[in-house]
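To keep things clear, I will list the structure first and then write my remarks on it.
Quick note: numbers below take in every heavy atom, side chains included, and nothing from hydrogens, waters or symmetry partners.
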Amino acid sequence: MTNEVLQAIEARRSCRSYEERQILPEELSAVTRAGTCAPSGMGRQAVKIVVVQDKDTVAKLERMNAAVLGNPDAHPFYGAPTVLVVFADSAVPTHVPDGSLVLGTMLLAASSIGLGSCWINRAKEAFETREGKALKAAWGIEETYVGIGNCILGYVKGELPAPAPRKACLLYTSPS
């Protein structure tokens, strides 16, 4: 069985090379709207998405992320012009899966409309730093919200990698 959703899931790849040009506002809107439609524990919707397209702020986020990585010379955002930072309220018991579902949904949405994307970790640690806390405050993000991850977006430069062979993960099916 197949349909557009299943095809989008199978086609999605992490992109690590981006064109410099910025994505279109309607593309950004489609991806962030999809993120807001992700499931959340008990329907709490305790996730916030911060859109960053300003080159200086993207560079600052990348430097913060590289510092957590332990390699200040790294470029973990791969030249992507847009970063969607996902935060979730740590006072909600399901904050990590809720934020993860938002990120995963945005990755699929981006792929389905022809954008490159990649989940970049270390948002939690980056926003625990003094610099990260200052950015959160400037953005109006409450202290209880923690960084879940970054979704980088842009137009693919070159070709996406071929899919890796999928590992079997279905271990048991109950009889009907």
Side-chain angles (χ1 to χ4, degrees), residues 12-25 27-38 40 45-90 92 94-157 160-161:
R12 193 210 63 76
R13 298 284 168 270
S14 293
C15 178
R16 292 180 177 87
S17 183
Y18 295 87
E19 293 181 6
E20 289 184 29
R21 65 187 169 115
Q22 190 54 265
I23 64 174
L24 298 173
E27 293 168 329
L28 175 61
S29 179
V31 172
T32 55
R33 172 77 179 139
T36 66
C37 293
S40 64
Q45 301 179 44
V47 175
K48 295 185 179 189
I49 305 164
V50 175
V51 176
V52 181
Q53 293 186 305
D54 168 68
K55 285 183 179 187
D56 291 338
T57 308
V58 169
K60 180 183 218 175
L61 291 174
E62 185 173 50
R63 281 192 308 275
M64 291 166 52
N65 196 284
V68 173
L69 183 61
N71 182 357
D73 297 325
H75 294 283
F77 290 175
Y78 304 104
T82 297
V83 179
L84 307 177
V85 186
V86 175
F87 294 95
D89 189 349
S90 63
V92 173
T94 58
H95 70 282
V96 172
D98 291 352
S100 298
L101 280 165
V102 167
L103 275 156
T105 301
M106 291 192 303
L107 293 170
L108 286 172
S111 177
S112 77
I113 62 171
L115 293 176
S117 65
C118 190
W119 180 323
I120 306 298
N121 284 317
R122 298 172 294 277
K124 180 180 186 300
E125 299 85 354
F127 286 96
E128 289 173 342
T129 67
R130 188 177 69 229
E131 189 173 23
K133 288 177 183 179
L135 266 179
K136 272 177 55 177
W139 292 337
I141 305 293
E142 296 90 339
E143 287 185 24
T144 59
Y145 279 72
V146 296
I148 301 297
N150 304 285
C151 174
I152 59 173
L153 294 174
Y155 298 114
V156 177
K157 184 177 183 180
L160 288 174

Report summary line: Minimal heavy-atom distance between Thr129 and Gly132, with the atoms involved, is OG1-N, 3.0 Å

**Report entry** From OG1 (Thr32) to CD (Glu27), nearest 0.5 Å
**Finding:** 11.5 Å

Report summary line: Closest non-hydrogen atoms of Ala30 and Ile113, given as atom of the first, atom of the second and distance, are CB-CD1, 4.2 Å

Query raised in the report: Taking only residues two or more places apart in sequence, or in another chain, which ones meet Arg130 in a salt bridge (Lys or Arg N to Asp or Glu O under 4.0 Å)?
Result: none

Report summary line: What one should report as the nearest heavy-atom pair of Ala74 and Leu69 is CB-CD2, 3.9 Å

Requested in this report: Among residues two or more places apart or on two chains, list those pairs meeting salt bridge (Lys or Arg N to Asp or Glu O under 4.0 Å) that have a residue in residues 100-127.
Outcome: Lys124-Glu128

Query raised in the report: Shortest non-hydrogen contact from Leu115 to Tyr155?
Result: CD2-CE2, 3.6 Å

Query raised in the report: Is there a side chain to side chain contact (heavy atoms under 4.5 Å, CB included) between Leu61 and Leu135 once you walk through the steps?
Result: CA-CA 9 Å; Leu61 291 174; Leu135 266 179; 3.8 Å; yes

Report task. Hey, can you tell me if Phe127 and Trp139 have their rings parallel, tilted or perpendicular (30° and 60° cut-offs)? Result -> tilted

Query raised in the report: Roughly how far apart are Cys151 SG and Leu103 CG, rounded to 0.5 Å?
Result: 6.0 Å

Query - Derivation of the side chain to side chain contact (heavy atoms under 4.5 Å, CB included) call for Arg13 and Val156 - result: CA-CA 11 Å; Arg13 298 284 168 270; Val156 177; over 6 Å; no

Query raised in the report: After noting the C-alpha distance and the side-chain angles of Ile23 and Gln53, does the key distance pass the side chain to side chain contact (heavy atoms under 4.5 Å, CB included) rule?
Result: CA-CA 9 Å; Ile23 64 174; Gln53 293 186 305; 3.8 Å; yes

Report summary line: Looking only at heavy atoms, the pair that brings Leu160 and Ser14 closest together is CD2-O, 4.0 Å

Query raised in the report: Atom SG in Cys118, atom CZ in Arg16: separation rounded to 0.5 Å?
Result: 4.5 Å

